[in-house]
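First up is the structure itself, then whatever we jot down about it.
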Amino acid sequence: MKKHLSVKRKCGINYGIQLKFLPTYLKGRGKKYIRKVLWETKWKPQRRAKEREKLKQKKKEARLKNESLGPSRKMLKQSTMALSSCKLRIALDFSFDDLMSEKDIGKCLKQLNHCYCMNRRALNPLQLYVTNFCGKSKEEMARSTGYQNWDVYFHEENHINIFDKKDLVYLTSDSENVLSKLDETKVYVIGALVDHNQHKGRTLSVANEQEISHAQLPIREFLEMTTRQVLTIDHVFEILILVSEGVSWKEAFLKVIPQRKGAVERTA
C-alpha cells in the first residue's frame, strides 16, 4: 500500500499530475492509469525527441564519413511489391497456432514483423503472403494497430485455396528433396511454427496431407552444422531475399545462419 501511494506521490509531485483533480471513476485505476498518462504526456515525447536527435547525429556522422544510411523514406514508399521486378512469391503459413504457447505465438509475430521490415528495405521486394491468418495470431496482431496497412497480402484462407497446388512448394528441413534454385512460377511456403523440436516433421506432414511439393534448402551441400537444420521464419525469408538478389546459396547461408548453429563451410 505504501509503495502504491509513493508512486502516486512521485507522479503527482515530479510530473505535475494533480491526482486529486481526477474524476472519481479514474482514481480507482491506480498505477496503471498513471503510467499511461505519463507515457503519453512525458515519456513518449522524450523518447521520440532522443530518437530524432540520435538519428540526426547519425546522419551527420555518415555525411562526414561519406557513408550511406540505407534507403530514404521516399525510396521506401516507392519500394512496393506491386512495383517490384521480383515476382517470387513467399507464403507464411499461420495454421499452427494451436500447437504453440502464447509466448511462441508472440515470437512468430515478431519474426513476421522482421520479414516485413526486410522486404520493405529490399531493392526488389518479394511478393509476401500470409495465409491461414485467422486464429490466435491474428487476435494478438490486432492489438498492434496499423498492420492492415502493411504491404503484405494477408489471407484467412489456406494457401491451397489461394494458389494452384502445382505451384506450391513447402519448405521444410524434413523433406528429402533439395531446392537447387528459385523458380518465380512457384510459391514457397514457410511454416510459421516455433516448436523447440516438439513437433518434428509437422510441416512435412502438412505438405503430404495437402498433396503439394516440398523441399529443403540446400544447406548440407555447402555447410556442416552441429544442430538440426531448422531455421526461424525470418532467417529463411532473409536467405530467399538474398538469393533472389543474386547472392549464392553459400554466401546467403554464411551471412544469415547464426553462429550458435555451429555452421561451418563444407571443405569436401
Side-chain angles (χ1 to χ4, degrees), residues 86-96 107-108 110-112 114-119 121-132 159 163 165-268:
C86 180
K87 301 306 177 185
L88 186 69
R89 294 169 292 176
I90 308 297
L92 306 185
D93 176 16
F94 272 77
S95 64
F96 305 100
K107 289 181 180 178
C108 265
K110 285 183 179 179
Q111 291 172 26
L112 166 59
H114 191 204
C115 290
Y116 167 65
C117 291
M118 287 190 291
N119 208 39
R121 284 162 176 74
L123 185 62
N124 286 296
L126 307 185
Q127 305 301 310
L128 177 57
Y129 292 77
V130 174
T131 61
N132 290 296
H159 40 267
F163 309 104
K165 274 191 174 185
K166 63 180 178 60
D167 295 335
L168 291 166
V169 180
Y170 215 117
L171 298 180
T172 169
S173 61
D174 297 308
S175 174
E176 68 277 9
N177 306 318
V178 179
L179 185 67
S180 58
K181 63 179 181 179
L182 297 179
D183 183 351
E184 286 196 351
T185 66
K186 301 296 183 180
V187 182
Y188 297 99
V189 184
I190 303 173
L193 174 62
V194 176
D195 66 351
H196 307 289
N197 294 327
Q198 295 176 1
H199 302 287
K200 184 177 179 180
R202 179 59 181 170
T203 51
L204 178 60
S205 296
V206 170
N208 288 329
E209 289 168 6
Q210 296 177 343
E211 299 181 334
I212 60 177
S213 299
H214 49 80
Q216 61 171 280
L217 298 181
I219 298 176
R220 290 191 180 92
E221 293 185 8
F222 303 101
L223 304 179
E224 293 180 356
M225 294 176 60
T226 57
T227 61
R228 282 184 68 202
Q229 299 181 29
V230 179
L231 304 179
T232 59
I233 304 166
D234 48 343
H235 285 155
V236 175
F237 188 77
E238 185 175 3
I239 288 168
L240 296 179
I241 286 181
L242 291 172
V243 174
S244 73
E245 292 176 344
V247 177
S248 68
W249 284 111
K250 183 172 73 172
E251 288 178 286
F253 293 148
L254 290 173
K255 182 176 181 179
V256 175
I257 296 177
Q259 290 185 346
R260 68 174 183 274
K261 288 284 188 178
V264 293
E265 187 175 348
R266 187 179 289 276
T267 56

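If you're wondering where the values come from, they're calculated on a predicted model, not measured in any experiment.
Of the possible polar contacts, none joining the D167 side chain to the V187 backbone as a donor-acceptor pair under 3.5 Å is found. Proximity of a side-chain donor or acceptor of K165 to a complementary backbone N or O of Q210 within less than 3.5 Å is detected. For the pair K186 (side chain) and K166 (backbone), a donor-acceptor distance under 3.5 Å is present. A donor-acceptor pair is defined here as one N or O able to donate and one able to accept, closer than 3.5 Å; such a pair exists between the side chain of Q127 and the backbone of C86. Under a 3.5 Å cut-off, the side chain of R89 and the backbone N or O of T185 do form a donor-acceptor pair.
The nearest pair of heavy atoms linking T203 to G191 is CG2-CA, 4.3 Å. The two residues C115 and F237 make their nearest non-hydrogen contact at O-CE2, 3.4 Å. Considering all non-hydrogen atoms of both residues, P258 and H235 come closest at CG-CE1, 3.3 Å. Looking at every heavy atom in both residues, A252 comes nearest to V247 through N-CG1, 3.8 Å. The nearest pair of heavy atoms linking I233 to Q111 is N-OE1, 3.0 Å.
Within 6.0 Å of CD in E211 there are 12 or fewer heavy atoms belonging to other residues, nucleotides or ligands. Heavy-atom contacts from other residues, nucleotides or ligands closer than 6.0 Å to NZ of K250 number 12 or fewer. Environment of NZ in K87: crowded, with over 12 heavy atoms of neighbouring residues, nucleotides or ligands closer than 6.0 Å.
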- Please walk me through it: do E176 and H214 pass side chain to side chain contact (heavy atoms under 4.5 Å, CB included)? CA-CA 8 Å; E176 68 277 9; H214 49 80; 3.7 Å; yes

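From K255, atom NZ reaches atom CG of L242 across 5.0 Å, with rounding to the nearest 0.5 Å. A distance of 11.0 Å separates CG in L88 from CG in L128, rounded to the nearest 0.5 Å. Distance check: L92 CG to N132 CG gives 11.0 Å after rounding to the nearest 0.5 Å. Atom CZ of F96 and atom SG of C108 lie 9.5 Å apart (nearest 0.5 Å). Note that CD1 of I190 and CG of L112 are 11.0 Å apart. Values are rounded to the nearest 0.5 Å. The line from CG of N177 to CG of L171 is 11.0 Å long, rounded to the nearest 0.5 Å.
Looking at E221 and S180, their side chains never come closer than 4.5 Å, going by heavy atoms from C-beta outward. Side-chain contact between Y170 and L204 is absent, with no heavy atoms from C-beta onward closer than 4.5 Å. A heavy-atom distance below 4.5 Å is found between the side chains of F253 and L217. Looking only at side-chain heavy atoms (C-beta outward), K200 and D174 come within less than 4.5 Å of each other. The side-chain heavy atoms of I239 and L231, taken from C-beta on, include a pair separated by under 4.5 Å.
For the side chain to side chain contact (heavy atoms under 4.5 Å, CB included) criterion with Y188, the lone passing option out of L182, L168, L126 is L182.
Taking the six-membered ring where tryptophan is involved, the planes of F163 and Y129 are perpendicular, since the angle between them exceeds 60° and thus also 30°.
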